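Computed from a prediction, not measured in an experiment: that's the story for all the values here. Every chain is numbered from 1, with letters handed out A, B, ... down the list of sequences.
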Amino acid sequence: MNGLRLSINGVTKRYPGSAGPAVENVSLDVEAGSILGLLGPSGAGKTTLLRLIAGFERIDAGKITVGGRTMSGPGVNVPAESRGIGFVFQQSALFPHLNARQNIAFGLRHLSAVERMAAIERVVELCALKPLLDRYPHQLSGGEQQRVALARALARDSGVVLLDEPMSNVDVRLRAVIAAELRSILCASHTTAVFVTHDHADAFAIADRVAVMRDGVIEQVGSPHAVYGSPASPFVARFVSDANFLPGRHCKLGVETEIGCLPCALSEGEPIGTPLVAMVRADELAPEYDPNGTATVEQAIFTGSTVTYSVRTASGQLLQCVVPSAWNHRVDVGAPVRIVARAHSIRCFSPAELAG
Amino acid sequence: MLLAAIVAAPVIAIAVAAMEPRWEVWRHLFETRLASLAWNTARLLVGVALGAGVLGVLLGWLIAVHSFPGRGFFEWALVLPLAIPAYVYGFVMIAFFDFTGPVQTWMRATAGPGAGLPDIRSYWGVVLTMSLVFYPYVYLLTRSAFAERGIVLVEAAKSLGQSPRTAFWRLALPLARPALASGLALALMETLADVGTVSAFSYDTFSTTVYRVWFGMLDRTAASQIALVLILFAAALVATERFARRRAAHTVSDARRTRRIEVSRGKRWLSTGVCAAVLGVAFVLPATMLVIWTARSVRAGTVASSYPSLVGNTLMIAVAAAVITVGAAVLLAYTARRLRSRRLRALTAVALLGYAIPGSVVAVGVLLVLSFADRIAGAALGSPPAFLITSSVVALLFAYTVRFVAAAYYPVQAGLARISPAMDESARALGATPRRILREVHAPMLRGSLVAASILVVVEVLKELPATMLIRPFGFQTLAVEVWERTNDAMWIEAAPPSLAIVVLGALLVGWLTRTGARQRALP
């Protein structure tokens with residue numbers, strides 16, 4: 001099976017009675033066979049965008065093409081059942097009166113018996129479902145249901161498969177394993193995939209590229225590394241990491257803040273002294289005991305692999321610092337400290353950007 | 001839309017007909033009976049609300065959070081009185097406790113001729129009878145409300161140093177108030193609708209008056225007007241029920257938890273005793289009496305020779321009504337699911353009102369609509385108005401549909417609600433056409449609900465009396481009508497066989513529904 005290229009061009013969707021558009025002028029290109037993660041808080045329009053692609057909702061403006069064929073556009077609206085796009089629902093939506101095998105076969109009516117067997121065989125192997133085939137949905141765990149639903153969508157060899165919150169029913173402890181499994185199934189199937197999630201860890205683990213959405217608009221598209229490493233906006237930074245924002249001024253080496261000078265890649269020609277805000281992630285900061293330190297540890301939370309410190313600086317700002325436990329580095333609550341930044345390059349925003 | 005209009009038509013017809021003032025009858029009623037009618041109806045409602053409420057809540061609380069011998073059995077057995085039509089229970093009570101009945105005869109024999117009971121044919125007799133027949137509605141709804149939260153609340157209260165009694169009065173009961181209101185509303189709808197029981201006790205209410213004015217005075221307008229008063233009563237009850245239901249918080253309950261309060265030995269047996277006593281009086285006593293009388297009747301050879309055809313008749317009409325009613329309910333539920341039109345929803349609400357409206361009133365509405373249709377048909381054929389449809393099986397089936405479409409609607413709707421939109425959409429994403437979705441996804445998933453809905457309608461039609469009496473074609477006899485005619489002549493023994501047939505059929509169906517858990521879903 002081969003994935004198809006999915007293009008979204010200036011798509012807008014407005015629900016009657018709501019204030020702003022649910023999706024506004026969104027353009028995205030998903031390469032054939034690649035995996036895109038739509039990331040954002042609830043209400044950002046991720047699921048709406050997914051449903052527009054699937055054809056469950058009509059677009060108000062723009063164009064959606066799959067493999068060069070226009071699915072939605074001016075005067076065109078191919079009905080969902082004729083689009084041939086696979087969809088995996090949040091609650092798996094397996095038919096409760098059919099067993100796993102029958103669920104998978106549901107979309108294969110158009111094939112001959114032999115082809116159908118072959119198609120089922122293929123996805124069963126891909127998704128490792130052999131022992132589960134004769135079970136009914138209520139006899140399957142959340143993760144297993146999700147896998148059957150995925151197999152059901154993939155069996156149609158549809159070129160594009162859409163997944164709405166595929167990780168929402170998965171046990172927390174199995175999250176990483178299931179995410180890896182999902183990625184390997186999607187890669188092996190060579191299908192183009194778009195999935196929705198509000199968890200950045202899931203998005204980074206599964207996707208080739210991540211699109212961060214907010215209020216119906218895409219804020220940034222890029223590889224997981226790029227989105228994490230150089231967030232396009234304070235919103236993205238907050239959403240994908242535990243970001244601290246430190247006000248400061250442009251200096252020769254970067255930004256001068258109350259915890260010292262932080263190295264920062266700056267645009268050319270910015271005059272020295274311009275007010276800036278430096279974004280430093282919690283795992284780039286650590287408190288160090290110093291009798292002359294001006295900051296104080298207010299709280300230390302031990303989670304096992306890390307310790308999260310809340311540190312109050314002299315100016316009264318509260319900073320989050322995450323230190324690996326393996327460093328064997330303990331600071332007591334109430335101790336005077338100075339804050340050490342372990343960052344090579346800090347991302348800077350203008351104060352205006354932070355306010356927005 | 002058309003269907004909803006047809007089902008709603010009788011209710012609307014009554015309202016229209018009632019607009020034509022017929023003051024003489026009203027004045028007559030007002031001068032002679034109206035005040036006493038209103039007072040009778042009102043205090044009956046209050047009495048039954050108290051009686052059924054106390055019984056239902058007590059039993060619901062015992063069963064939901066306590067463990068005692070026989071709990072599992074009583075849990076479903078306490079629903080069985082639903083299978084006994086109120087008028088059957090009524091005549092059993094009268095026969096049993098009347099001056100000539102076994103109880104008083106025995107009292108006179110042992111304690112001398114002066115001993116006796118207050119007259120059973122009184123307000124208290126009616127209230128007692130109806131409370132014992134209608135408490136299961138309250139019991140069913142409060143029980144599930146208590147089961148959802150009860151034990152957790154009791155434990156939380158204990159941890160705060162309070163007694164289980166405090167937990168009940170201060171926490172469980174206030175939280176179960178919506179369920180209690182729903183249950184009471186259902187019980188009172190039945191009370192309001194009843195004609196058979198109250199007339200057996202010679203206790204006049206609005207319902208019996210509709211019947212008498214229609215047949216006795218042959219005054220359709222006046223009957224419609226009284227019927228309209230009843231509809232307003234019923235609408236108030238429905239509104240109460242809706243309001244209560246809206247406030248009911250739908251918490252996700254941990255259904256697998258079966259922990260219950262352990263109480264002392266004495267209290268455990270007391271609980272068993274209470275349940276056994278209620279079940280005994282409300283079900284075992286009447287059932288036993290019916291069996292004994294039936295046996296006597298068989299021995300005396302007074303069982304009507306038409307008995308088999310009577311059972312056949314009743315079952316046939318019940319099944320036919322079930323098929324039509326469930327069909328109508330399915331159509332209504334689907335339309336409501338697809339369209340969100342406000343006008344249609346209002347019409348559907350009126351159509352569903354039938355469940356709360358007394359059978360005699362429904363009958364009046366149906367007759368008004370059909371005689372109108374007859375007149376049109378007569379005019380079209382150029383002949384004088386003939387009673388083509390008015391007095392036919394078709395009219396009867398129409399009346400049953402109007403009356404019971406709500407009973408079928410709610411289980412169907414509940415079944416449809418389980419088919420999430422995601423289910424439809426994923427079938428579509430898999431390339432299925434709408435017709436295939438209907439056939440291969442909806443039909444199999446709805447099967448259980450449809451069976452439950454059909455059974456409910458069959459049970460209701462089996463018991464239905466007032467509408468059947470008013471509309472049935474000449475010579476058409478059902479079990480319920482047979483019971484009614486025999487009891488009117490105080491022929492208890494002759495009335496027993498058809499009553500027993502209703503109770504057995506009803507108990508089998510109700511018992512089966514409760515045990516499979518479908519009844520709870522199916523309750524409107």
Side-chain angles (χ1 to χ4, degrees), chain A residues 16-17 47 50-57 71 78-99 102-111 119 123 136-138 145-146 148-158 160-165 168-169, chain B residues 250-257 330 333-334 337-345 411-454 516-518 520-522:
Chain A
T47 298
L50 208 66
R51 295 172 57 83
L52 290 172
I53 303 170
F56 296 139
E57 319 259 351
M71 293 294 181
V78 179
E81 57 267 37
S82 315
R83 289 194 181 200
I85 294 178
F87 200 104
V88 180
F89 286 83
Q90 191 171 354
Q91 266 86 31
S92 82
L94 292 177
F95 305 127
H97 59 293
L98 302 177
N99 65 20
Q102 290 162 333
N103 260 291
I104 296 171
F106 187 92
L108 304 175
R109 261 299 189 68
H110 55 291
L111 301 178
V123 290
Y136 283 86
H138 67 270
Q145 286 187 15
Q146 208 59 43
V148 174
L150 179 60
R152 184 173 74 174
L154 289 175
R156 305 233 313 151
D157 199 0
S158 44
V160 175
V161 62
L162 310 173
L163 304 94
D164 190 5
E165 300 271 1
S168 63
N169 282 339
Chain B
H250 291 280
T251 50
V252 183
S253 66
D254 189 352
R256 260 155 292 182
R257 186 179 41 224
V330 166
Y334 263 101
R337 186 176 192 244
R338 299 204 60 132
L339 301 174
R340 298 248 169 268
S341 138
R342 184 169 298 174
R343 205 178 310 158
L344 181 76
R345 236 185 297 166
V412 171
Q413 193 195 31
L416 269 182
R418 270 179 300 139
I419 306 176
S420 64
M423 218 73 91
D424 284 22
E425 285 172 347
S426 63
R428 276 179 69 197
L430 293 168
T433 55
R435 194 191 299 171
R436 192 174 159 225
I437 297 176
L438 210 58
R439 202 178 54 234
E440 290 181 26
V441 181
H442 288 199
M445 286 184 68
L446 275 180
R447 200 176 297 143
S449 310
L450 294 183
V451 170
S454 308
T516 54
Q520 238 154 336
R521 265 210 315 277

Q: Establish, for the pair B:Arg428 and A:Phe87, whether the NZ or CZ atom is under 6.0 angstrom from the six-membered ring centre and no further than 45 degrees off its axis.
A: no

**Q.** Check: A:Arg83 side chain, A:Val78 main-chain N or O, donor-acceptor pair, under 3.5 Å
**A.** yes

Q | Atom group of A:Leu94 that falls short of 4.5 Å from chain B, counting heavy atoms | A | backbone

Q: Please state whether the side chain, the backbone, both or neither of A:Phe89 comes within less than 4.5 Å of a heavy atom of chain B.
A: side chain

(Q) Please classify the contact between A:Ala80 and chain B as side chain, backbone, both or neither, with a heavy-atom cut-off of under 4.5 Å. (A) both

Q. To the nearest 0.5 Å, how far apart are CZ in A:Phe56 and CD in A:Glu81?
A. 9.0 Å

Q: Report the distance from atom CG of A:Leu111 to atom CZ of A:Arg156, rounding to the nearest 0.5 Å.
A: 9.0 Å

Q.
With a 4.5 angstrom heavy-atom cut-off, is it the side chain or the backbone of A:Arg51 that approaches chain B, or both, or neither?
A. side chain

Q. Do you know which of A:Pro79, A:Ala93, A:Ala153, A:Gly84 has the most heavy-atom pairs under 4.5 Å to chain B?
A. A:Ala93

Q: Under 4.5 Å, counting heavy-atom pairs only, tell me which of B:Glu440, B:Glu425, B:Arg447 racks up the most with chain A.
A: B:Glu425

Q) For the residue pair A:Phe95 and A:His97, does the interplanar ring angle fall in the parallel (under 30°), tilted (30 to 60°) or perpendicular (over 60°) class? A) tilted

